[in-house]
Amino acid sequence: MDSLIIRGGKKLSGELKVSASKNACLPILFGTLLSEDKVELISLPSLRDINTSVKLLREMGAVVSGELSALKIDCKNINKTEAPYDLVKTMRASILVLGPLLARFGKAKVSLPGGCAIGGRPVDIHLSNFEKMGASIKLENGYINAKAKKLVGAHLDLSFPSVGATENLMMAAVLAEGETIINNAAKEPEIEDLADFLNSMGANISGQGTSTIKIAGIEKLGSCTHKPIGDRIEAATFVLTGLLTNSSLKVSNFKTKHLSSLFSILKEMGAKMQIEENEVTVFPSELKGVEATTMPYPGFPTDIQAQLMTLMCRANGVSVITEKIFENRFMHVPELIRMGANIKLEGKSAIISGGDEFVSAPVMCTDLRASAALVMAALVAKGESTISRIYHLDRGYENIEIKLGEVGADIKRV
Ligand code: UD1
């Protein structure tokens, strides 16, 4: 099992280019199931979750060829409409095959994702709304068994703006009969990107990026070439790393408007930044503690909570982070404490007393974004830290040791 060895204390300099967004690429990959024509995806990142998705598509009969720089996917001859447990358990996003399969083939069998490290994560919003579109859903032996002669458009009111449910229902509605309206839809940029991708295959979706999405169902989708958006979460991780290491660092290749909530928190902390349309440069800054709460987009993203907490450990004064999206997303806290942080947990909030230096330690990754927080802490800790179980990190950060090494970090994979 791979680990990272990091010797902390190096200043970073130069430019970090972020890869394409994992959370945009996964639904887009599963969205290819909706079309009988060949689709080409440009500049996909080399990540474990992307490999898992391609494996799943291939298992169902898709022909996938070319490199990640220009991947061609042909879902004409899908011969299996099942996502097995061994793949779903490694990647919850596999649930996103449900909408496309149900819409195009009238049936889908997907292993129930179950819990994961950051909480229970049910899929009730997906399932109850598929039922409103005419599907019959049975839970049998750990599997979701969904069937529908023909999905019909419906008015759907989501009880929470779930990202995955919005994507799954939007994909299903593309080939449903009549119009679907999704109220209280998630507004994340990755949903806009998915809608843009589906529209370029011929779908008729409007309102993406707002809380009301309208989809006029059509008979058939065609082909397209699509380049997914840059990864705002990877970008945020690098921005926070630049500030943590007191470096002058440019982070490019993403839309800075997708990180407005983070930038307002950082401005309040006193961060010096130059923000352009597609890149941001951070400069050495004296930082002070602030309060932040995770919220659905355009609020502050839960996927950046752990990394912001690491930065708060080095800011002057007290900071508070409240986690409102997931029930158990503070697993990085005990590991950060082992590295010298002063953090107390009170219910949904973490109270961070800043100003202490991180010290090196052997630490263990528990989930994807928690891993990034530990890498950040190790980059400023005195001495050598070993970070184990980095398969979590490899799910969502492309070549992280190479990218950070190129801007001056002392980091190696063993
Ligand atoms: C997506 C992202 C993930 C991010 C999350 C929140 C992908 C592949 N993953 O996950 O990185 O952290 O959005 O921004 O894009 N919920 C229910 N019932 C449901 C669905 C969700 O109760 O049917 C709850 C979840 O348990 C959770 C909250 O809603 O507490 C948010 O989940 P959701 O927005 O669905 O996140 P994901 O799509 O799983």
Side-chain angles (χ1 to χ4, degrees), residues 20-31 45 47-50 52-53 56 88 90-99 110 112-132 137 139 144 146 156-172 182 184-195 211 228-229 231-234 236-237 258-259 261-262 293-308 322-332 348 367-373 392-393 395-397:
S21 158
K22 167 181 89 73
N23 286 355
C25 291
L26 301 183
I28 286 171
L29 277 165
F30 296 132
L47 299 173
R48 212 158 64 94
D49 277 8
I50 299 287
T52 307
S53 308
L56 183 51
V88 178
T90 63
M91 192 185 70
R92 283 190 93 261
S94 317
I95 186 79
L96 297 175
V97 300
L98 201 51
V110 178
L112 263 172
C116 74
I118 62 175
R121 298 181 83 171
V123 288
D124 54 311
I125 305 174
H126 303 236
L127 302 187
S128 58
N129 286 292
F130 282 133
E131 281 175 335
K132 283 194 189 132
I137 309 265
L139 302 182
I144 303 163
L156 310 175
D157 287 300
L158 308 196
S159 54
F160 179 85
S162 153
V163 174
T166 303
E167 292 167 344
N168 228 345
L169 296 164
M170 188 166 80
M171 288 194 277
I182 308 177
N184 199 24
K187 295 183 277 201
E188 269 70 1
E190 293 75 20
I191 287 170
E192 257 189 279
D193 201 28
L194 173 63
S211 54
I229 54 172
D231 196 317
R232 66 193 166 105
I233 309 300
E234 186 192 13
T237 305
H258 294 160
L259 285 181
S261 59
L262 174 70
T293 301
T294 63
M295 302 284 268
Y297 190 84
F300 173 63
T302 175
D303 285 354
I304 315 176
Q305 182 254 103
Q307 303 91 309
L308 178 64
T322 305
E323 172 59 56
K324 289 223 170 149
I325 305 292
F326 289 110
E327 62 193 22
N328 184 24
R329 207 171 195 181
F330 283 138
M331 289 193 313
H332 43 286
K348 287 175 181 281
D367 69 71
L368 169 56
R369 305 304 170 185
S371 321
H392 289 290
L393 200 63
R395 285 190 43 219
Y397 290 92

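Count residues from 1 along the sequence. Remember, it's 1-based here, ligands and their atoms both numbered in the order they're listed.
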Would you say Asp124 has any N or O atom under 3.5 Å from an N or O of ligand 1, going by distance alone?
yes
Give the atoms of ligand 1, by number and element, whose distance to some non-hydrogen atom of Val163 is under 4.0 Å.
1 (C), 13 (O), 33 (P), 34 (O), 35 (O), 38 (O)
What distance separates Thr294 OG1 from Asp303 CG, expressed to the nearest 0.5 Å?
9.5 Å
Side chains of His332 and Gln305 only: does a donor on one sit below 3.5 Å from an acceptor on the other?
yes
Among residues at least two apart in sequence or on other chains, which ones pass salt bridge (Lys or Arg N to Asp or Glu O under 4.0 Å) with Glu190?
Arg232
At less than 4.0 angstrom from any non-hydrogen atom of Gly164, what atoms of ligand 1 do you find?
35 (O), 38 (O)
Nearest 0.5 angstrom please: Ser261 OG to Tyr297 OH, how far?
7.5 Å
Supply the atom-to-atom distance Ile125 CD1 to Leu169 CG, rounded to the nearest 0.5 angstrom.
9.5 Å
So, does Ala165 sit close enough to ligand 1 that a heavy atom of it is under 4.0 Å from the ligand?
no
Would you say Leu26 and ligand 1 have an N/O pair spaced under 3.5 Å apart?
no
Between Asn168 and His126, do the side chains contain a donor N or O and an acceptor N or O under 3.5 Å apart?
yes
May I ask you to list the atoms of ligand 1 that are less than 4.0 angstrom from any heavy atom of Arg92?
39 (O)
SG of Cys25 to CG of Asp231: how many Å apart, nearest 0.5 Å?
8.0 Å
Whether Glu323 side chain and Phe326 backbone form a donor-acceptor pair below 3.5 Å:
yes
Give the atom numbers and elements of ligand 1 that come within less than 4.0 Å of a heavy atom of His126.
23 (O)
Give yes if a backbone or side-chain nitrogen or oxygen of Lys22 is under 3.5 Å from a nitrogen or oxygen of ligand 1, and no if not.
no
Should you measure from each heavy atom of Phe160, which atoms of ligand 1 turn up under 4.0 Å away?
28 (C), 29 (O), 31 (C)
With heavy atoms under 4.0 Å as the rule, classify the contact between Thr302 and ligand 1 as side chain, backbone, both or neither.
side chain
Using 4.0 Å as the upper bound for N to carboxylate O, is an ion pair formed by Lys132 and Asp157?
no
Would you mind listing which atoms of ligand 1 come within a distance below 4.0 Å of any non-hydrogen atom of Ile325?
27 (C), 28 (C), 30 (O), 31 (C)
Under 4.0 Å from any heavy atom of Arg329, which atoms of ligand 1 are there?
12 (O)
What do you reckon, does Asp303 have a nitrogen or oxygen under 3.5 Å from a nitrogen or oxygen of ligand 1?
yes
